[in-house]
Amino acid sequence: MVGEIMGKVAWGFTSSIDGFIAGLDHEMSWLSVGEPMADGAMERMAGDVGVIISGRRGYDAALAQRDERDEMTSQAYGGAWSGTEFILTHRPEELADDDTVVAMDCDIVEAIRRAQEITGEKDVQIISADIARQALEHDLIDELQVFVVPVFLGDGIRIFDVPGGRRYDWELVEIYEGAERSFGRRYRPRRDRES
């Protein structure tokens with residue numbers, strides 16, 4: 001793989017104004033009050049992603065809520081994305097019958113390595129707060145992709161939660177064209193200071 005161009009490892013999420021990426025029990029209906037994006041914006045963003053890495057709790061919640069979720073919340077990028085989805089789990093055999101995902105029992109370093117082998121120049125996107133936190137601990141996040149929905153949830157799954165705190169600084173790279181009303185932003189880690 002020496003000399004090959006690799007895509008970025010990105011952590012992408014949509015959050016409530018009060019800092020949650022999912023409600024209690026991974027409830028996602030609140031996304032329906034999000035600001036609309038311009039035509040084609042979702043498809044352009046989805047086209048950059050080759051592999052998505054997510055967690056078992058989110059996977060299980062999506063299955064449990066499949067009859068309640070709409071198109072936007074039941075599929076990555078509202079159905080605009082196609083690629084490989086890795087589910088990190090300590091019990092991959094339980095997902096053996098689901099040919100829409102690749103279940104893996106490994107750490108985040110190995111998962112990202114395998115994802116980059118598959119995706120080449122496209123991005124690897126992490127959509128789990130816990131898995132993204134683990135990737136940050138290994139300095140593996142190249143980019144943060146942030147969108148905000150105008151809602152307070154009050155409880156749920158926080159964007160970032162480290163008991164005792166841990167600081168990471170970010171710098172703005174781009175405001176997503178067509179997603180300005182959703183506060184669509186890309187950031188990269190600031191490497192000029194110790195976090």
Side-chain angles (χ1 to χ4, degrees), residues 5-23 26 28-54 58 70-83 85 112 115-116 119-154 156-162 165-195:
I5 298 173
M6 302 295 290
K8 299 179 295 292
V9 176
W11 177 17
F13 61 83
T14 300
S15 79
S16 63
I17 293 174
D18 56 344
F20 295 97
I21 62 168
H26 280 80
M28 301 299 290
S29 66
W30 55 275
L31 285 173
S32 66
V33 300
E35 296 285 348
M37 290 190 193
D39 288 345
M42 186 80 72
E43 291 77 11
R44 284 192 304 276
M45 288 183 279
D48 292 338
V49 179
V51 174
I52 287 177
I53 300 176
S54 54
D70 60 14
E71 183 178 89
M72 179 52 122
T73 60
S74 64
Q75 301 178 54
Y77 290 96
W81 177 78
S82 65
E85 182 174 5
I112 288 174
Q116 288 177 322
T119 197
E121 293 183 19
K122 287 194 168 189
D123 294 346
V124 174
Q125 185 173 66
I126 298 170
I127 62 170
S128 160
D130 185 53
I131 292 169
R133 180 190 49 75
Q134 295 170 46
L136 280 170
E137 289 173 0
H138 292 281
D139 197 28
L140 295 174
I141 303 284
D142 300 314
E143 184 173 281
L144 196 62
Q145 300 166 349
V146 180
F147 300 87
V148 178
V149 171
V151 63
F152 285 139
L153 295 180
I157 298 169
R158 292 202 168 280
I159 296 169
F160 186 67
D161 194 11
V162 177
R166 174 79 197 262
R167 178 176 166 170
Y168 293 91
D169 289 358
W170 303 88
E171 59 185 347
L172 182 65
V173 174
E174 177 188 10
I175 297 173
Y176 278 111
E177 184 178 342
E180 297 88 352
R181 290 175 58 104
S182 300
F183 194 76
R185 306 284 192 268
R186 290 189 322 119
Y187 297 90
R188 66 176 166 232
R190 281 189 55 191
R191 308 269 190 218
D192 60 343
R193 67 172 298 281
E194 275 300 312
S195 295

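One is the number of the first residue; the rest follow in order along the sequence. Quick caveat: nothing in here was measured; it's all calculated off a predicted structure.
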Kindly determine whether Ile17 and Val151 satisfy side chain to side chain contact (heavy atoms under 4.5 Å, CB included), including the steps that lead there. CA-CA 6 Å; Ile17 293 174; Val151 63; over 6 Å; no
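Side-chain contact check for Ile53 versus Ser128: every heavy-atom pair is 4.5 Å or farther apart. Within the 4.5 Å cutoff, the side chain of Ser15 has heavy atoms near those of the Ile21 side chain. Side-chain contact between Val149 and Trp30 is present, with heavy atoms from C-beta onward closer than 4.5 Å. Side-chain contact between Tyr176 and Phe147 is present, with heavy atoms from C-beta onward closer than 4.5 Å. Between Gln116 and Val51 there is no side-chain heavy-atom pair separated by less than 4.5 Å.
Tested against Tyr187 for a side chain to side chain contact (heavy atoms under 4.5 Å, CB included), the candidates Asp169, Ile141, Val173, Val146 yield a single pass: Val146.
Trp11 and Ile126 make their closest contact through CD1-O, 3.2 Å (heavy atoms, listed as atom of the first residue, atom of the second, distance). Scanning both residues, Arg185 and Leu172, for their nearest heavy atoms gives CD-CD1, 3.7 Å. The two atoms that bring Asp123 and Gln145 nearest to each other are OD2-NE2, 4.3 Å, heavy atoms only. Minimum heavy-atom separation, Tyr168 to Phe160: CE1-CZ, 3.5 Å. Of all the heavy atoms in Arg44 and Asp39, the pair that sits closest is NH1-O, 4.0 Å. Nearest heavy atom pair, residue Val162 against residue Arg133, reads CG2-CD, 3.8 Å.
The CD1 atom of Ile159 sits 12.0 Å away from atom CD1 of Ile157, with the distance rounded to the nearest 0.5 Å. In this structure, Asp130 CG and Ser54 OG are separated by 12.0 Å, a value rounded to the nearest 0.5 Å. The NZ atom of Lys8 lies 11.0 Å from the CD atom of Glu121; values are rounded to the nearest 0.5 Å. For the atom pair CG (Leu144) and CH2 (Trp170), the distance works out to 4.5 Å, reported to the nearest 0.5 Å. Here OG1 of Thr119 is found 12.0 Å from CD1 of Ile112. Values are rounded to the nearest 0.5 Å.
The closest donor-acceptor contact from the side chain of Asp18 to the backbone of Gly154 lies under 3.5 Å.
Classification of Glu143 and Arg188 as a salt-bridged pair fails, no side-chain N sitting under 4.0 Å from a carboxylate O.
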